Student: 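There's a structure below that I have some questions on.
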Amino acid sequence: MTGTASGTIPAAELLQAYRTMRTIRDFEERVYKEFQTGQMPGFVHLYAGEEAVATGVCDVLTPADYIASTHRGHGHAIAKGCDVVAMMAELYGKATGTCKGKGGSMHIADLSTGMLGANGIVGGGPPLVCGVGLSAKVRGTDQVGVSFTGDGGSNQGTFLESLNFAAAMNLPVVFVVENNGYAESTASSFHQSGIDVAKRADGFGLPGVVVDGQDYFAVREAAAEAVGRARAGGGPSLIECKTIRYFGHFIGDQQKYRAPNEVADAREHRDPLKNFRARVTRAGVLTDEQLDAIDTEVAELIDRAVAQAQAAPFPAPESALEDVYVSY
Amino acid sequence: MTRVGIIVNPASGHDIRRLISAATVVDNSEKGAMTVRLLSGLGATGVDEVLMMPADLTVSRAIDRITRSLVVQGLTAPMPRVTWLDLPTTYHARDTIAALATMVEVGVDALCVLGGDGTQRLVHGRVGEVPVLPLSTGTNNIYPVWTEATVAGLAAGRVATGQVSREQGCVREKALEVTCGGRTEAALVDVGVISDTFAGARAIWRPDHIHEVVVSFADPCAIGLSSIAASVIDLPRGSSHGARVVIGDGRLHRVPIAPGLVVDVPVAEVTKVAVGETVNLMPVAGTISVDGEREIERYRGEPATVRLTEGPWRIDVGRVLRATRLQRDSA
């Protein structure tokens, strides 16, 4: 990561940002399709529409930094550098998966990339990154911990306790709230006291800001400031990203709680990838040809990931008790 | 019957300047409390009804809670009837625009607007000749002022009820109309030529990214881009001119560019701009800022212009209250 202010980001980093967002989008769109064939076990929560948040934040982190994710974690995992082929295999429950096929969508973790894990527990991430921050502080490293939480998760005690703990201990932590307007199927205007989660930071004495989560540049700029300050010993921050999920809470959600044109309108007018492409090409920083080439490469990668996942073996029954805390 | 409209932006005051500088934080309970203070001032001057824009519950419940407490304590000073407009709440600028349109249609004698420069900007061009009291709950606090809301309510009420005329109690502000790439945006304080390619998180705090600033007034008490102009020229609010300032080879001026951030900016040139005059902005690819926030992304070769125009009638609290005293003394 070199550029912080928008306009100083090198073209190579912008190309990589587009590749990450395109990979997340294609991964999710393909999972949506493949899940309906019945070959993919478990529940799946898709991240499509929110790509600019994971990408904008993770683009200012180093490989040594840690993130803690949510049940909607594929985007965070891809943005932090997890192998996409292994992730797809994990969703299929195959032995070549990120967690040897034993975790599935909601438990993808890869410590080698700093991905502490997707998390089936709503609001489960913030306490984990407080641990990261405390560890970094005690050991004297310059690592930063970032948690992703939804608007629903921001109502959990764990989230508020973590804001308090991180502020009290002045930890190098950034709390990213992905406010997509719904806690499962309940609108945030109904379940939240105050439409901006960022305002809750004020009460704990840490800065809270709101940015457009559909805008890669807005997210990245805010994240760069917050992460840079945390790394320099300046303590925690909260960044609330107003974003939009394109699919339901999970695949199969009928979404009767949403306006009929809500998603179509967002895909047309608020899409983070379209927004990014239009702006970087108009500004002459990148060309359509460069971005089209990435589209092609990513499409091939996702095809390969699905093919390899489908062909891979399931974990052997005798491996069921491996990789657990207690050996039997 | 005298009627006043109140606009409260529940979302103001949480932009990136809370990360990069020591920007003000105004929570929504305080916005609710400010509204109650306003109501007491408006009621004391004889305002009959207040039209309220629908607000976030953290604002509206604070209003309800404080109002009930006053009743419980037996403090029943005259208060205007409060009518909440029946409009959808989307937590977007369109809420403010819809509320303004309804208030103008129903007919209000004055407007009170709680928000930052962004909220105040929405008022310009939408309320005709209605006097506006801008109260700050945002970040840079240039156009709206920090004033105790009870006192501000007394001033707004006296203008609304005609006890003090608009000409006696208000300042006719100026505004800026910037046009670039088919877009036209209004500003109340300043327009900047900024070299950041993208609008990003919008705030401006790096002095070397600023190339040119056009201001509607230059007040040495203001913070942000207009403080650069105020360091080289004095143009009080309501005066006949604005100014254009070119940044670059010239004397360094130490200016408050953002809350808690004082930087040295070199000023190469300053010229006055008359109302009605159009200025061609420097041909710098990047962004054009409006009232301190990057708003328009401008690409190579795109021309951009700014025109200084007449702005809203701003209720000047001090001027109204002094006029009230003079009227009383001469009676």
Side-chain angles (χ1 to χ4, degrees), chain A residues 3-9 11 14 56 174 179 181 188-190 192-203 205-212 215-230 234 237-242 259 275-276 278-285, chain B residues 9-32 54-62 88-92 95 139 181 194-206 208-209 260 284-287 293-294 296-302:
Chain A
T4 53
S6 68
T8 60
I9 308 170
L14 291 175
V174 179
N179 190 337
S188 54
S189 57
F190 182 84
Q192 271 175 227
S193 173
I195 199 63
D196 292 331
V197 175
K199 291 187 189 298
R200 296 180 187 178
D202 303 340
L206 61 150
V209 300
V210 178
V211 297
D212 179 359
D215 180 348
Y216 169 80
F217 299 102
V219 174
R220 175 170 169 147
E221 231 177 65
E225 293 297 331
V227 169
R229 200 163 56 81
S237 313
L238 188 160
I239 301 171
E240 179 179 6
C241 304
K242 304 285 192 187
N275 174 322
F276 183 95
R279 293 163 75 188
V280 295
T281 52
R282 254 195 93 187
V285 184
Chain B
N9 178 4
S12 66
H14 275 82
D15 71 31
I16 192 175
R17 280 165 285 205
R18 268 137 211 93
L19 279 176
I20 54 102
S21 67
T24 316
V25 171
V26 176
D27 69 36
N28 281 0
S29 294
E30 171 58 11
K31 292 175 194 170
D56 184 297
L57 288 178
T58 48
V59 177
S60 58
R61 284 190 180 144
T89 307
T90 65
Y91 305 101
H92 187 274
D95 294 356
T139 302
I194 313 296
S195 58
D196 291 89
T197 312
F198 303 106
R202 298 187 174 275
I204 300 155
W205 64 94
R206 294 179 173 86
D208 54 327
H209 293 199
V284 175
T287 42
E293 296 192 347
R294 285 168 277 158
I296 301 174
E297 293 182 353
R298 182 191 188 189
Y299 304 103
R300 285 185 188 84
E302 264 186 327

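The basis for the numbers below is simple: all heavy atoms, side chains too, and nothing from hydrogens, waters or symmetry mates. Just so we're clear, the structure is a prediction, and the values are computed from it rather than from any experiment. Numbered from 1 within each chain, the chains take letters A, B, ... in sequence-line order.
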Student: As an exercise, state the distance from OG1 of B/Thr58 to CD of A/Gln192, rounded to the nearest 0.5 Å.
Tutor: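 The CD atom of A/Gln192 is 10.0 Å from OG1 of B/Thr58, to the nearest 0.5 Å.
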
Student: To the nearest 0.5 angstrom, please state how far the CG atom of A/Asp196 sits from the CG atom of B/Asn28.
Tutor: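 So the CG of A/Asp196 and the CG of B/Asn28 are separated by 7.5 Å.
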
Student: Using 4.0 Å as the upper bound for N to carboxylate O, is an ion pair formed by B/Glu30 and A/Lys199?
Tutor: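 Salt bridge between A/Lys199 and B/Glu30, a charged N being under 4.0 Å from a carboxylate O: no.
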
Student: Can you tell me how far apart CH2 (B/Trp205) and CD (A/Glu225) are? Round to the nearest 0.5 Å.
Tutor: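 That separation rounds to 4.5 Å.
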
Student: Out of A/Gly203, A/Ala222, A/Ser193, return the one with the most heavy atom pairs under 4.5 angstrom to chain B.
Tutor: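 Greatest number of close heavy-atom pairs with chain B: A/Ala222.
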
Student: Under 4.5 Å heavy-atom distance to chain B, tell me which part of A/Arg279 shows up: side chain, backbone, both or neither.
Tutor: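 Interface part for A/Arg279: both.
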
Student: Select one option (side chain, backbone, both, neither) describing which atoms of B/Arg202 are under 4.5 Å from chain A's heavy atoms.
Tutor: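 Answer is backbone: N, CA, C or O of B/Arg202 sit under 4.5 Å from chain A.
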
Student: Hey, is the main chain of B/Ala201 close enough, under 3.5 Å, to the side chain of A/Glu221 for a donor-acceptor pair?
Tutor: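 Looks like yes, one N/O pair under 3.5 Å.
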
Student: Let me know which of B/Arg300, B/Glu297, B/Glu302 forms a side-chain contact (heavy atoms from CB on, under 4.5 Å) with A/Arg282.
Tutor: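 Among the candidates, only B/Glu302 passes.
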
Student: Between A/Leu206, A/Val210, A/Ile239, which shows the greatest number of heavy-atom pairs under 4.5 Å with chain B?
Tutor: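 If we count pairs closer than 4.5 Å to chain B, A/Val210 comes out on top.
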
Student: Supply the atom-to-atom distance B/Thr90 OG1 to A/Ile195 CD1, rounded to the nearest 0.5 angstrom.
Tutor: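 Output value for this atom pair is 10.0 Å.
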
Student: With respect to chain B, which residue among A/Pro207, A/Gly228, A/Ala283 yields the maximal number of heavy-atom pairs within a distance under 4.5 Å?
Tutor: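 Looking at each of A/Pro207, A/Gly228, A/Ala283 in turn, A/Ala283 comes out on top.
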
Student: Non-hydrogen atoms of chain B under 4.5 Å away: do they reach the side chain of A/Val280, the backbone, both or neither?
Tutor: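 For A/Val280, the contact with chain B is made by backbone and side chain together.
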
Student: Looking at CZ of B/Phe198 and CG of A/Leu14, how far apart are the two atoms once the value is rounded to the nearest 0.5 Å?
Tutor: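 With rounding to 0.5 Å, CZ (B/Phe198) is 6.0 Å from CG (A/Leu14).
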
